[in-house]
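Inspection log for the structure reproduced underneath, given as structure tokens.
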Protein chains: 2
Amino acid sequence: MALEHAILVSLLEKPGSGYELARRFERSIGYFWTATHQQIYRVLRRMESEGLLAVRELSQQSRPDKKVYSVVGPGRAALSQWLHESIQPESMRHELAVKIRGAAFDDPSVLIREVERHRQVHIDRLAHYLAGELRDFTGPAAPTPLDAGQELQHVVLRGGIAYERMTIAWLDDVLATLRRLGTSPPHV
Amino acid sequence: MALEHAILVSLLEKPGSGYELARRFERSIGYFWTATHQQIYRVLRRMESEGLLAVRELSQQSRPDKKVYSVVGPGRAALSQWLHESIQPESMRHELAVKIRGAAFDDPSVLIREVERHRQVHIDRLAHYLAGELRDFTGPAAPTPLDAGQELQHVVLRGGIAYERMTIAWLDDVLATLRRLGTSPPHV
DNA sequence: GCCCGCATGTAAGTGGTTACATGATTTG
DNA sequence: CAAATCATGTAACCACTTACATGCGGGC
């Protein structure tokens with residue numbers, strides 16, 4: 001049920017509609033938790049019916065109406081309770097690693113292009129994160145000093161940056177290994 | 001459907017029963033893909049009915065009978081086809097990061113113990129991975145030279161090691177940030 | 001005239017978790 | 001005598017994805 005809590009955090013940072021939340025889940029909070037609009041609309045309705053959120057229907061001209069959600073008392077309490085509970089450290093779900101091990105039973109070189117493609121995606125993400133860091137936290141336009149919320153957002157972003165750097169270095173290692181194996185005869 | 005492919009890889013590495021696969025998903029292949037026994041039994045039956053696997057029922061004395069599964073032609077073909085397809089680089093699912101951002105709306109210091117606990121789990125995992133690396137790949141008892149399958153298992157393990165090291169360093173950063181915020185007055 | 005962005009939703013299906021159930025053998 | 005290991009399974013539920021559906025307004 002972490003989607004529920006991710007929504008609470010996002011709406012506490014700033015109230016918004018389901019559509020806007022879906023946008024945020026494509027960047028910002030979405031860097032470490034994803035959700036599609038279908039799922040978001042469903043969970044928003046449930047949370048509103050449970051009294052965690054309040055809705056305000058907003059008529060707009062030259063745009064469809066929207067429902068702006070915001071967190072109310074019980075929602076804030078639910079988040080606070082969750083913060084006091086402990087979660088179990090998650091185990092990885094790394095599909096590419098499964099593929100790499102599977103390559104032992106086929107030609108390892110078929111994976112080279114795939115790994116190169118993934119590497120490029122991670123390079124792009126890293127550049128994106130670094131640009132965001134400069135814009136919001138370390139650049140001349142950033143507020144000084146940062147408040148607690150900004151410090152916490154920054155440390156999470158640093159985690160994303162460290163993850164992308166680590167992943168790129170590892171994919172280089174994978175590529176070197178695949179290329180090395182490609183020069184020797186097949187097997188199995 | 002990556003569980004299906006993880007099972008194919010694991011059974012190609014060595015045939016086994018549902019129970020044995022469940023054990024393997026607690027270590028080895030389970031380092032980057034998890035599954036419970038219920039799920040494994042369900043998928044094994046489906047894969048067998050689809051002709052990807054063959055079963056051999058094995059009577060054992062002083063132990064329950066077991067069904068040993070192995071990959072047959074169409075299963076190997078399915079794996080090969082999957083290796084040729086491209087998968088989209090997965091996005092993170094990092095519940096702890098959601099909590100950290102959520103801490104801005106509560107007392108950040110409540111998270112210190114939780115983060116310390118996670119840090120310890122990652123330290124233990126790292127030690128476990130390093131022991132496995134020494135045993136299977138870099139120690140004196142390791143085969144030399146390694147074959148392609150072992151090289152690929154090793155590069156995946158190196159990825160796990162890099163991930164744990166990066167995570168521990170990041171959690172240190174998180175702890176330093178939380179402790180720093182704890183010394184200043186609350187907010188929001 | 002077509003596609004994109006804004007905005008919300010239904011329906012069907014897959015993947016995955018949790019709880020419950022059974023029963024023999026081995027280990028402390 | 002209790003607990004853990006081996007071994008397989010059912011049932012109910014929850015989380016998540018994919019496909020489909022609608023409709024207005026603005027830009028190329």
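Residue numbers start from 1 in every chain, and the chains themselves are labelled A, B, ... in the order their sequence lines are given, proteins ahead of strands.
The separation between Ile40(B) atom CD1 and dG9(D) atom C1' is 13 Å, rounded to whole Å. Atom P of nucleotide dA11(C) and atom CZ of Arg45(A) are separated by 11 Å, given to the nearest angstrom. Leu3(B) places its CG atom 12 Å from the C1' atom of dT14(C), with the value rounded to the nearest Å. Atoms CG (Asp65(B)) and C1' (dT8(D)) sit 11 Å apart, rounded to a whole Å. Rounding to whole angstrom units, CZ of residue Arg56(A) and P of dT8(C) are separated by 13 Å. Here the C1' atom of nucleotide dC16(D) and the CD atom of Glu90(B) are 15 Å apart, to the nearest Å. dG15(C) atom C1' lies 15 Å from atom CE of Met47(B), rounded to whole Å. Between the OH atom of Tyr41(A) and the P atom of dA7(C) there is a distance of 8 Å, given to the nearest Å.
When ring centroids are compared, Trp170(B) and His94(B) come within the 6.0 Å threshold.
Phosphate contact (OP1/OP2 of dC6(D), side-chain N/O of Ser17(B), threshold under 4.0 Å): absent. Contact annotation: Tyr19(A) side-chain N/O to dC6(C) OP1/OP2 distance is under 4.0 Å.
Look at Lys66(A) and Glu20(A) and you find a salt bridge, because one of the NZ, NE, NH1 or NH2 atoms lies within 4.0 Å of a carboxylate O, short of that distance.
Judged by distance alone, with hydrogens and angles left aside, the side-chain atoms of Glu95(A) form no donor-acceptor pair with the main-chain N or O of Glu90(B) at under 3.5 Å.
Both tests hold for Arg23(A) against Tyr19(A): distance to the six-membered ring centre under 6.0 Å, angle to the ring axis within 45°.
Between the side chains of Gln81(A) and Glu85(A), at least one donor N or O sits under 3.5 Å from an acceptor N or O.
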What protein N or O atoms touch nucleotides 18-22 of chain C N or O atoms at under 3.5 angstrom, if any, and at what distances?
residue	atom	partner	partner atom	Å
dA19(C)	N6	Gln38(B)	NE2	2.9

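Note that OG1 of Thr177(B) is 12.0 Å distant from CG of Leu111(B), once rounded to the nearest 0.5 Å.
Taking the nucleotide of DNA chain C with the nearest heavy atom to each of Pro64(B) and Trp33(B), the more 5' of the two is matched to Trp33(B). Residue order along DNA chain D, read from the 5' end via each residue's closest nucleotide, puts Arg23(B) first among Arg23(B) and Tyr69(B).
Closest approach to the Arg93(B) side chain among dT17(C), dC6(D), dT17(D) is made by dT17(D) (side chain taken as heavy atoms from C-beta onward).
When His128(B), His154(B), Arg158(B) are each tested for a side-chain hydrogen bond (donor to acceptor under 3.5 Å, both in side chains) with Glu133(B), only one passes: His154(B).
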